[in-house]
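Okay, structure first, notes after.
Excluded from the calculations below are hydrogen atoms, water molecules and symmetry mates; all remaining heavy atoms, backbone and side chain alike, are included. Throughout, protein chains are lettered first and strands after them, A, B, ... in sequence-line order, and every chain is numbered starting at 1.
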Amino acid sequence: MNKDSTNKEIPSKYDPSIVEDKWYSYWMDNNYFHSEVDHSKEPFTIVIPPPNVTGVLHMGHMLNNTIQDVLTRRARMQGFNACWVPGTDHASIATEAKVVRKLREEGIKKSDLSRDEFLEHAWEWTHKHGGIILEQLKKLGASCDWDRTSFTMDEKYSDSVIDTFIDLYNKGKIYRGERMINWDPAAFTALSDEEVIHKEVNSKLYHVRYQISDSKDFVIIATTRPETILGDTAVCVHPKDERFTHLHGMKVMVPLVNREVPIIADDYVEMEFGTGCLKVTPAHDVNDYELGQKHKLETINMMNADGTISEEGELYIGMDRFEVRKQIVKDLEEAGNLVKIEEYKNKVGYSERTDVVIEPRLSLQWWVSMKELSQPALENVMNDNIQFHPAKFKNTYRHWMENVKDWCISRQLWWGHRIPAFYFGEGEHDFVVAKTIEEALESARIKSGNPLLQKSDLEQDEDVLDTWFSSWLWPISVFDGFYNKEEVDYYYPTNDLVTAPEIMFFWVARMIIAGYEYRDELPFKNVYYTGIVRDKQGRKMSKSLGNSPDPLELISQYGADGVRMGMLFSTPAGNDLPFDSSICEQGSKFSNKIWNAFRFLTMNMEEGVKYIPTTKIDSNNLADRWMMARIHQTIQGIDEDFKNYKLNDALKKVYSLIWDDFCDWYIELAKPDKYGDKFDINKMNVALGMFEQLMKLLHPFMPFISEEIWQYIQDRKPEEALCIADWPKYDANFDVQADIDLFENLQDIISSLRNIRAEMGISPKEELEVLIKTSANETADKIISNDWILKKLQSMKSIEISSDIKKPGACSSAIVDGNEIYVPLEGLIDTEKEIERIQNEINRIEGWLKGVNRKLNNKNFVDNAPDAVVQNERNKLRDGEANLAKLREQLKDFE
RNA sequence: GGGCGAUUAGCUCAGUUGGUUUAGAGCACCUCGUUUACACCGAGGGGGUCGGGGGUUCGAGUCCCUCAUCGCCCACCA
């Protein structure tokens, strides 16, 4: 570093806003984030969990992408060919809902538009709002390979989705069938089971009586959905329920609609629940449907797609389901059929997207058979080929995978990948699956036996595929993996996936399934599950609650580095992050601390001197050796933490290394002795060399400030940027425990002197006379040869160190690591305080020794515990008693 | 209803296979302090019977049982 090149007026407050944009542009301009196939380098790949294309950045993204960036940046520094692929998801339902809403605001109804017209609007919307979120990620510092930005509706990507559908269909893993599905009456589409959220709600249990045919008697059923009475086609009792045995084979009248339906017996009914008598509505309840199948009951589809009553319902036609619920209760009451209403808590399914109550509905949909496909996906997580962090999520995963149900993949929407099925007739099997209409025509002519069939006779399925049916190909398709083997063979499998546990089934599990099906290999080696970002009251941050801070606002306030650090500091994998802006404040304070430490060095440079940072420390300087040892210990610790995906622990180590070790001790000791003196050039070079090491370790976490200082320290060529610098390697030669121990002894001595000053009310400037009586001659020698450290950090008149020192009269004292510290305080001493200090210390040690003695006096302990443990206790006793004796001696002087 | 996980200082969390501390960190709190960077700072300090109870062991925050509270996931009792 050249002093002339530095600005003398470096401000004492670090301003990230100036720095961050500058370096992000620099990194981009120099293409550091871009990766290409390079067989001489090992790849490190992460694919981003693609956010909704028209979404905006929220706190969950911030946390998630910060973690990905940390992993990517470190890998890049380690020399891997780091490739973090960004992109967005078309988010079928969510995006379509937004477009529909926007159109409605403009007075346009979706139903007034053709499919193509609607899609035009949707694309327009996508182009307008699409990708904003990716721009926001750049503010965070995300080092994605932006040249690889993918979108699930890109042409090639879409091809892979359609081809996959066709392939699975041809393998018999996709089928079309009429089943009970979850109907979203607001979005007008079927949903998969995963998209239904069960919430406990306060409902009512209505007891309704049904007249038995040819009898004056009644049966009473209990229901939470009285409107479905319109669709009843049976009443069911338990075959062993003696209360109802006489009714088997009889018939009852459904009230209001006056339809005669059979009484059937099935052990599905819980005798204890309600009245023990169940009404059966096969078209509108999953269980009832099964009962209907079993007992060959009629199905009455009494509800329309929008949740209103259909003509088949006979009554209340066109009324909304919840209106009908109120009305039918009134009408039943008037008809004398309502027996009672009970308060009742039950779970009701809601749409994940639209938050309306799901209506179970019988419908013809497309399905993926999951059982067989999911086998390898289950095995390879359970045997840790794919590792979950934290591992506890394996349980949840297993439970789902072992009970996996077929996946409903068709959605009655327009925005998405249109199902490549073409119908040529009304029959159940009158369709073909093909990529193009030409291929479809060819197959259809064969299948139908009609060679004259024309394109115009074919109708493509109106539905699109579930968004997740495209996302599950993400780790393959972003590399064009179905059509171009070179890229995918190099980058796949990816290394780490960072995502929220909420989408373990939607996405993670299915990517694993697709990975084994199409690559015969796992899609990623590690899955890091982040926690949920919550507000102070523990609520999940959400748009609707309005409790989420604006991420960009936070970045402008605390700097991206500050926000990143704040979030990382308090979120171990899988733990929720209770967010409070104070954690970002801690981050920006840290930035400022680093900034000032660096500023201080620049202030101590001589004009015109060329400084060259070095790691060649002064081997005679204990502080240098100690600092170097601490750096290497930290490198080792961080590497271990990364291996275990404990990013917060790694960051804490860096934080403590920089703040506690480097700033509070190393810099203090490196300061020139005399006011106004500049740093010695060699000292400065070493300090700068250490600073460089620190910046490297910091870079993955706080990329901007570390790059800023890195570039300040020396003029660098583009290829010398910190962003692509090499990650420090642990070197045991630097990690000398004896140096650390000795230095820590000195730190303890200084702390004890500070403590004496604080308790005696002695100013830090007051020059003390210090006597240190060491436990051994050897110790004295070591301390004497490093006594400059003591002198530097404590103003003192004199210091005397020896194993043979007589305790002076009136003095304050302490025992540190077996050595006695005396500070003669003639006249200054507050006798009572000093006695109290010593007495407190005696009490503490006595209490401690009590525990030690208890163990040693226990014959069982001495006989059974390992020798090392027993010996250790004996050492504790010996040292403790020695200290106690010294303290008692000191106390005597005051008596 | 089933399963999983938690419960350690006011808050957020560490605490590796049970034994170097009568339990650690950061934030918050209290006292003092404008010393050659930083008051977004420095120095010092207080604060926990490790959710309750029982057990195994020479020894338990750490293992087992049980209860309580909280959280998450799954599930078709209307």
Side-chain angles (χ1 to χ4, degrees), chain A residues 10 12-14 180 198 205 221-225 228 236 268-270 272-275 277-281 285-290 344 346-347 360 390 392-400 403 501-502 504-505 532 536 538 562 569-572 574-578 580 582-583 585-586 588-604 644 646 648-649 652 655-656 663-664 667-668 671-672 674-678 751 754-755 757-759 761 763-765 795 844 847-852 854-855 858-866 868-870 872-873 875-876:
Chain A
I10 298 177
S12 71
K13 281 189 172 39
Y14 173 66
M180 215 18 107
H198 294 274
L205 193 58
I221 59 89
T223 180
T224 52
R225 297 193 299 158
T228 61
C236 189
Y268 162 73
V269 176
E270 296 284 329
E272 293 75 29
F273 187 86
T275 60
C277 201
L278 171 75
K279 68 189 229 26
V280 185
T281 320
D285 185 278
V286 182
N287 306 304
D288 290 10
Y289 175 68
E290 268 156 35
Y344 181 61
N346 68 338
K347 298 260 179 131
K392 66 177 178 185
F393 286 115
K394 279 167 76 177
N395 293 323
T396 317
Y397 180 84
R398 180 178 60 198
H399 189 259
W400 189 78
N403 297 290
E502 301 163 295
M504 190 189 300
F505 309 131
I532 294 166
K536 269 185 260 188
F569 218 64
S570 44
T571 175
N575 274 33
D576 287 356
L577 170 63
D580 184 288
S582 69
I583 64 176
E585 204 175 311
Q586 203 188 337
S588 66
K589 281 183 182 176
F590 185 41
S591 299
N592 202 56
K593 181 74 183 179
I594 297 166
W595 184 246
N596 277 290
F598 179 66
R599 192 170 73 99
F600 176 66
L601 292 188
T602 67
M603 285 164 58
N604 276 282
N644 298 317
K646 293 186 163 185
N648 62 327
D649 287 346
K652 279 175 185 165
Y655 179 83
S656 167
C663 293
D664 289 349
I667 291 189
E668 288 304 321
K671 282 179 180 174
K674 261 183 24 216
Y675 182 90
D677 278 3
K678 300 286 185 186
S751 291
R754 284 172 177 162
N755 176 279
R757 282 182 195 271
E759 294 203 6
S763 146
K765 283 182 193 157
S795 57
R844 193 184 69 82
W848 184 59
L849 284 181
K850 215 183 267 176
V852 176
R854 198 167 29 236
K855 282 188 186 171
N858 182 342
K859 191 171 178 305
N860 284 326
F861 170 75
V862 179
D863 290 349
N864 294 319
V869 174
V870 177
N872 187 41
E873 293 301 315
N875 292 345
K876 273 156 80 174

Angle class for the A:Tyr14/A:Trp595 ring planes (parallel below 30°, perpendicular above 60°, tilted otherwise)? tilted
Pick base, sugar-phosphate or nothing for A:Lys13, based on heavy-atom distances below 4.0 Å to the nucleic acid. base
Keeping the roles fixed (side chain from A:Asn644, backbone from A:Lys646), state whether a donor-acceptor pair exists under 3.5 Å. no
Touch check for A:Cys663, heavy atoms < 4.0 angstrom, all strands: base, sugar-phosphate only, or nothing? base
Sort me out a list of protein N/O and nucleotides 75-78 of chain B N/O pairs below 3.5 Å, or just none if empty.
unit_1 : atom_1 : unit_2   : atom_2 : d
B:A75  : N6     : A:Lys347 : NZ     : 3.0
B:C76  : O2'    : A:Asn287 : ND2    : 2.7
B:C76  : N1     : A:Asn287 : OD1    : 2.9
B:C76  : O2     : A:Asn287 : OD1    : 2.6
B:A78  : OP2    : A:Tyr344 : OH     : 2.4
B:A78  : O2'    : A:Ala222 : O      : 3.4
B:A78  : N6     : A:Glu270 : O      : 2.9
B:A78  : N6     : A:Phe273 : O      : 3.0
B:A78  : N1     : A:Glu270 : N      : 3.4

Considering every strand and a 4.0 Å limit on heavy-atom distances, what is the contact class for A:Glu668: base, sugar-phosphate, or nothing? base
What is the distance from CG of A:Leu601 to P of B:U36, rounded to the nearest Å? 17 Å
Considering only the C1' atoms, how many Å lie between B:U7 and B:U66, rounded to the nearest integer? 16 Å
Scan A:Asp580 against the nucleic acid and name what it touches under 4.0 Å (heavy atoms): base, sugar-phosphate only, or nothing. nothing
Gap between atoms CG and P, on A:Asp863 and B:G59 respectively (whole Å): 13 Å
All N/O pairs under 3.5 Å across the protein-nucleotides 12-18 of chain B interface:
unit_1 : atom_1 : unit_2   : atom_2 : d
B:G15  : OP1    : A:Lys646 : NZ     : 3.2

Which residue, A:Phe393 or A:Asn596, contacts RNA chain B at a nucleotide closer to its 5' end, judged by nearest heavy atom? A:Asn596
Grab the CG-C1' distance between A:Asn858 and B:G59 for me, whole Å please. 8 Å
Between B:U20 and B:U36 - P atom distance, rounded Å: 44 Å
Rounded distance in Å between the P positions of B:G71 and B:C30: 33 Å
Of B:C38, B:C4, B:G26, the nucleotide closest to the side chain of A:Asn395 is B:C4
Counterpart residues, side chain to side chain donor-acceptor pair (under 3.5 Å), relative to A:Lys859 (two or more places apart): A:Asp863
A:Lys876: which residues meet the side chain to side chain donor-acceptor pair (under 3.5 Å) condition with it, sequence neighbours left out? A:Glu873
From C-beta outward on A:Val869, which listed nucleotide comes closest to its side chain: B:G44, B:A37, B:G19? B:G19
Quick note, A:Ala865 side chain, CB onward, closest among B:G26, B:C74, B:G19 is B:G19
Is the phosphate of B:U35, meaning OP1 or OP2, less than 4.0 Å from a side-chain N or O of A:Lys671? no
Go through B:C58, B:G44, B:U36 for me and flag the one nearest to the A:Phe861 side chain. B:C58
Given a 3.5 Å cut-off on both pairing distances, which stems involving RNA chain B, each at least three consecutive Watson-Crick or G-U pairs, are present, if any? B:1-7 with B:68-74, B:10-13 with B:24-27, B:29-33 with B:41-45, B:51-55 with B:63-67
Quick one: label A:Gly851 by what it contacts on the DNA or RNA (base, sugar-phosphate, nothing), any heavy atom closer than 4.0 Å. nothing
Starting from C1' on B:G42, measure out to CZ on A:Arg757 and report it in whole angstrom. 14 Å
Hey, does A:Lys855 reach any base, or is it just sugar-phosphate, or nothing, if we go heavy atoms under 4.0 Å? nothing
Mind checking what makes salt bridge (charged side-chain N to carboxylate O under 4.0 Å, His left out) contact with A:Lys394, not counting sequence neighbours? A:Asp384
C1' atom, B:A23 versus B:A14: distance in rounded Å? 11 Å
Given the C1' atoms of B:G26 and B:U8, what is the spacing between them in whole Å? 15 Å
Where the side chain of A:Lys876 is concerned, which of B:C74, B:U20, B:A37 is the nearest nucleotide? B:U20
For B:G44, take OP1 and OP2 only and decide whether either is under 4.0 Å from a side-chain N or O of A:Ser751. yes
A:Pro764 side chain, from C-beta outward: closest of B:U36, B:C58, B:U35: B:U35
Options B:U36, B:G19, B:C41, nucleotide nearest the side-chain atoms of A:Lys593: B:C41
So what does A:Pro672 touch, heavy atoms closer than 4.0 Å: a base, only the sugar-phosphate, or nothing? base
Residue pair A:Lys589/A:Lys765 against RNA chain B: nearer the 5' end by closest nucleotide is A:Lys765
Euclidean distance for C1', B:A25 against B:C63 (whole angstrom): 26 Å
Check the pair A:Ile594, A:Phe598 against side chain to side chain contact (heavy atoms under 4.5 Å, CB included), reporting the backbone distance first and the verdict last. CA-CA 6 Å; A:Ile594 297 166; A:Phe598 179 66; 5.6 Å; no
In whole Å, what is the span from the CG atom of A:Asn755 to the C1' atom of B:G46? 13 Å
Closest to the side chain of A:Asn860, out of B:C58, B:A39, B:C74, is B:C58
Please confirm whether the shortest side-chain N or O distance from A:Asn604 to OP1 or OP2 of B:A37 is below 4.0 Å. no
Rounded to whole angstrom, note down the C1' distance from B:G48 over to B:A9. 5 Å
B:G1 versus B:U17 - spacing of their C1' atoms, nearest Å: 37 Å
Determine the contact category for A:Pro866: base if any of its heavy atoms lies under 4.0 Å from a base atom, sugar-phosphate if only primed atoms, P, OP1 or OP2 are that close, otherwise nothing. base
Is a side-chain N or O of A:Ser795 found less than 3.5 angstrom from the main chain of A:Pro764, in a donor-acceptor match? yes
